[in-house]
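It should be emphasised that the depicted structure is a prediction, and the values quoted were computed from it without experimental measurement.
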Amino acid sequence: AAASGLYQQTLVLKPGWNAVYLEVQPEPQDIESAFAGIPLASVWAWIPEAAGVDFIDDPDEGLLKLQGWQGYFPRPRPEAFLSNLFMLQATRAYLVRLNGVEPVTWRIQGRPVLRRTTWVTDSFNLIGFAVDPQHPPTFGAYFEGSEAHAGQPVYRLGEGGVWTLVEHPYSETVSPGEACWVYTRGASTYQGPLAVEPEAGTGLEYSAALSSQLLRVTNNASMAVDVTLRRLDTEVPLTLAVVDEETNQTGWPTLPSSYSLPAV
């Protein structure tokens with residue numbers, strides 16, 4: 001038996017409101033432990049309803065009174081008894097309010113998770129993006145392959161904790177770990193310019209009865225790209241199915257630390 005190693009996501013929290021997106025499942029996942037040592041004022045999660053969301057420009061106007069929001073207040077704050085959010089979940093967006101006057105680095109240790117984005121139809125959705133921090137796309141490029149999102153408004157949290165419109169989507173870049181409000185026109189199953197989906201569950205999990213799984217990578221962009229698989233550790237023995245085009249025979253070489261292939 002073997003298990004994959006943990007991955008560390010790093011986010012810089014500014015005093016006041018922060019809109020963050022978790023790419024890993026924190027271990028431990030309870031909010032009190034995950035934010036240990038951080039001057040936390042509150043954490044909020046939007047739990048979407050099928051009917052959509054009432055958009056609010058400024059979180060300071062109050063979230064408790066709005067339907068669909070769950071919050072956490074650390075002890076000994078007097079509002080702690082109102083908490084109804086206690087666990088953090090990967091691939092979910094959160095609003096984090098930080099006390100103090102200095103930025104704080106939040107390091108989240110956990111397991112990477114692949115989970116499909118579920119869009120609420122004809123509504124704003126609070127969502128984050130799994131993008132390459134070295135080469136982040138613009139908002140326009142990220143959504144140009146989706147009929148439900150191309151040309152639709154996107155809001156990001158600006159200075160002073162107020163949501164501001166992304167006015168130039170082809171010049172403003174998407175930031176990893178940042179959550180934004182994105183409007184979805186009609187129904188959508190869009191998972192980004194490059195969608196990565198496991199055959200089942202939220203990752204590649206094997207057993208004595210399940211020795212191989214399909215990892216599907218779909219290029220939704222308008223151009224061909226190269227996809228690179230990078231191993232986070234070398235403890236788990238993994239092999240890769242490679243089909244010989246001449247003989248049509250399948251080989252199973254060891255998956256190297258980095259493996260690239262085209263996605264047309």
Derivation of the side-chain contact (heavy atoms from CB on, under 4.5 Å) call for R116 and Q191: CA-CA 7 Å; R116 289 181 60 85; Q191 301 300 309; 3.7 Å; yes
Residue list, salt bridge (charged side-chain N to carboxylate O under 4.0 Å, His left out) with R77, at least two apart or on another chain: E79
Ring centre gap for Y72 and F35 strictly below 6.0 Å: no
Side-chain heavy atoms of W44 within contact of L126, under 4.5 Å: no
Which atom of P26 lies closest to which atom of L88, heavy atoms considered: CG-CB, 4.0 Å
Ring geometry between W163 and W181 (parallel below 30°, tilted from 30 to 60°, perpendicular above 60°): perpendicular
Heavy-atom side-chain contact between Y183 and D122 under 4.5 Å: yes
Residues forming a side chain to side chain donor-acceptor pair (under 3.5 Å) with E27, sequence neighbours excluded: none
Nearest-0.5 Å distance, OH of residue Y170 to OG1 of residue T138: 6.5 Å
Shortest non-hydrogen contact from M87 toward D30: SD-CA, 3.5 Å
Side-chain heavy-atom pair F129, C180 within 4.5 angstrom cut-off: yes
F73 backbone acceptor or donor facing S83 side chain under 3.5 Å: yes
Test item: P253 and V242 side chains (from C-beta on) under 4.5 Å apart, heavy atoms: yes
Connected via hydrophobic side-chain network under 4.5 Å: V113 and L6: no
Single-linkage hydrophobic cluster, 4.5 Å side-chain cutoff, I127 and F124 together: no
Between CZ on residue R92 and OH on residue Y21, distance to nearest 0.5 Å: 10.5 Å
Distance-minimising heavy-atom pair for A90 and R115: O-NH1, 2.8 Å
Distance, nearest 0.5 Å, that separates CD of Q29 from CD1 of I108: 14.0 Å
Verdict with reasoning, W17 to L95, per side-chain contact (heavy atoms from CB on, under 4.5 Å): CA-CA 7 Å; W17 288 101; L95 297 184; 4.0 Å; yes
Pairing residues for V104 by the side-chain contact (heavy atoms from CB on, under 4.5 Å) criterion, not counting sequence neighbours: I38, P39, L98
S146 versus H149, side-chain donor and acceptor atoms under 3.5 Å: yes
L240 CG to W252 CH2 distance, which is reported to the nearest 0.5 Å: 7.5 Å
Criterion side-chain contact (heavy atoms from CB on, under 4.5 Å) on F139 and V174, from CA distance to verdict: CA-CA 6 Å; F139 285 95; V174 178; 3.8 Å; yes
Hphob cluster co-occupancy, L194 + Y142, side-chain heavy atoms under 4.5 angstrom: no
Derivation of the side-chain contact (heavy atoms from CB on, under 4.5 Å) call for L13 and V20: CA-CA 9 Å; L13 303 177; V20 303; 3.9 Å; yes
Salt bridge (charged side-chain N to carboxylate O under 4.0 Å, His left out) partners of R75, counting only residues at least two apart: E32
In one Ile/Leu/Val/Met/Phe/Trp/Tyr side-chain cluster, 4.5 Å: L238, V217: yes
Nearest non-hydrogen partners of E144 and S222, listed with the distance: OE2-OG, 3.8 Å
Transitive ILVMFWY side-chain link L40 to L11, under 4.5 Å: yes
Residues that E178 engages under salt bridge (charged side-chain N to carboxylate O under 4.0 Å, His left out), provided they are two or more places apart: R156
Nearest heavy atoms of N125 and T118, plus distance in Å: OD1-O, 4.1 Å
Sequence-distant partners of T254, side-chain contact (heavy atoms from CB on, under 4.5 Å), two or more places apart: none
Beyond-backbone contact of F143 with V182, side-chain heavy atoms, under 4.5 angstrom: yes
Nearest-0.5 Å distance that lies between atom CD in Q109 and atom OH in Y7: 10.5 Å
Over all atoms of both residues, closest heavy-atom pair of E23 and G177: OE2-N, 4.2 Å
Over 12 non-hydrogen atoms of neighbours within 6.0 angstrom of CG in N248: no
E147 atom CD: more than 12 heavy-atom contacts under 6.0 Å: no
Donor-acceptor side-chain pairing of W119 and T117 below 3.5 angstrom: no
Distance in Å, S258 OG paired with R231 CZ, rounded so as to fall on 0.5 Å steps: 11.5 Å
Greater than 12 external heavy atoms within 6.0 Å of Q8's CD: yes
